[in-house]
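One structure below.
Since we're looking at a predicted model, the values are computed, not measured. Note on naming: letters A, B, ... go to the chains in the order of the sequence lines (proteins, then strands), and numbering restarts at 1 for each one.
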Amino acid sequence: AQKVTQAQTEISVVEKEDVTLDCVYETRDTTYYLFWYKQPPSGELVFLIRRNSFDEQNEISGRYSWNFQKSTSSFNFTITASQVVDSAVYFCALSEAARDDKIIFGKGTRLHILP
Amino acid sequence: DSGVTQTPKHLITATGQRVTLRCSPRSGDLSVYWYQQSLDQGLQFLIQYYNGEERAKGNILERFSAQQFPDLHSELNLSSLELGDSALYFCASSEGTGDDLFEAFFGQGTRLTVV
């Protein structure tokens with residue numbers, strides 16, 4: 001069965017520090033998709049990235065980067081030079097799209113960036 | 001603005017009552033997903049419709065039902081409400097399915113409070 005584990009419930013860092021949010025997933029499928037979403041205090045869910053299981057290249061987008069390692073079933077998210085506006089709950093998610101489209105979310109990591 | 005519209009934004013109702021939550025997907029999106037977000041359970045997948053047909057089902061209670069209409073809007077019906085049903089209910093839409101599933105765009109959510 002598909003499962004996403006975000007072991008870090010809450011993290012606090014001081015502004016400008018780098019921070020990594022961990023995500024470990026479980027799936028029986030060879031074809032799957034991994035996602036990260038951000039939920040700021042306003043409550044909406046904002047898509048950040050999708051990665052398919054055949055693409056293990058790391059991705060960088062500005063201060064955000066993602067490290068996908070199939071060998072450890074992990075899809076970690078790093079924010080470099082964090083800013084107060086990065087404070088939010090971050091969700092990692094998994095879809096076994098060959099089976100169905102449901103996107104299963106981890107419980108989220110609440111990130112506090114302290115000024 | 002994600003383009004997904006959910007109404008109402010807030011709903012307060014009494015135990016035992018029935019409510020209907022409405023979702024209008026982004027223009028062109030055929031898939032609609034419903035999620036429940038509560039403090040203890042995180043984001044739980046409830047159900048997905050694609051072009052009017054049920055495509056995937058999660059941990060949706062028998063007291064809950066959903067449908068997607070020919071104009072692609074969807075409604076989530078919650079009946080015999082209990083205090084524990086108080087949560088934020090999200091609707092999301094996506095364009096594709098299966099390997100064409102990219103990102104799901106989330107609405108602002110309906111906050112349901114059962115008193």
Before we go on, tell me: are the rings of B:Phe106 and A:Tyr37 under 6.0 Å apart, centre to centre? yes
Gap between atom CZ of B:Phe45 and atom OG of A:Ser95 - 0.5 Å precision: 9.0 Å
Can you tell me how far the CD atom of B:Gln6 sits from the CD atom of A:Glu44, to the nearest 0.5 Å? 12.0 Å
Does A:Ile103 offer a backbone N or O that forms a donor-acceptor pair with the side chain of B:Tyr35 under 3.5 Å? yes
Between [X] and [Y], is there a shared hydrophobic cluster once you connect ILVMFWY residues whose side-chain heavy atoms come closer than 4.5 Å?
X	Y	answer
B:Leu46	B:Leu78	yes
B:Tyr33	A:Tyr32	no
A:Val13	A:Trp36	yes

Minimum side-chain heavy-atom gap A:Leu45-B:Leu43 below 4.5 Å: yes
Is there a side-chain contact between B:Gln37 and A:Gln39, using heavy atoms and a 4.5 Å cut-off? yes
Can you tell me if B:Arg26 has over 12 outside heavy atoms packed within less than 6.0 Å of its CZ? yes
State whether the number of non-hydrogen atoms from other residues, nucleotides or ligands found under 6.0 Å of A:Ile60 atom CD1 is greater than 12. no
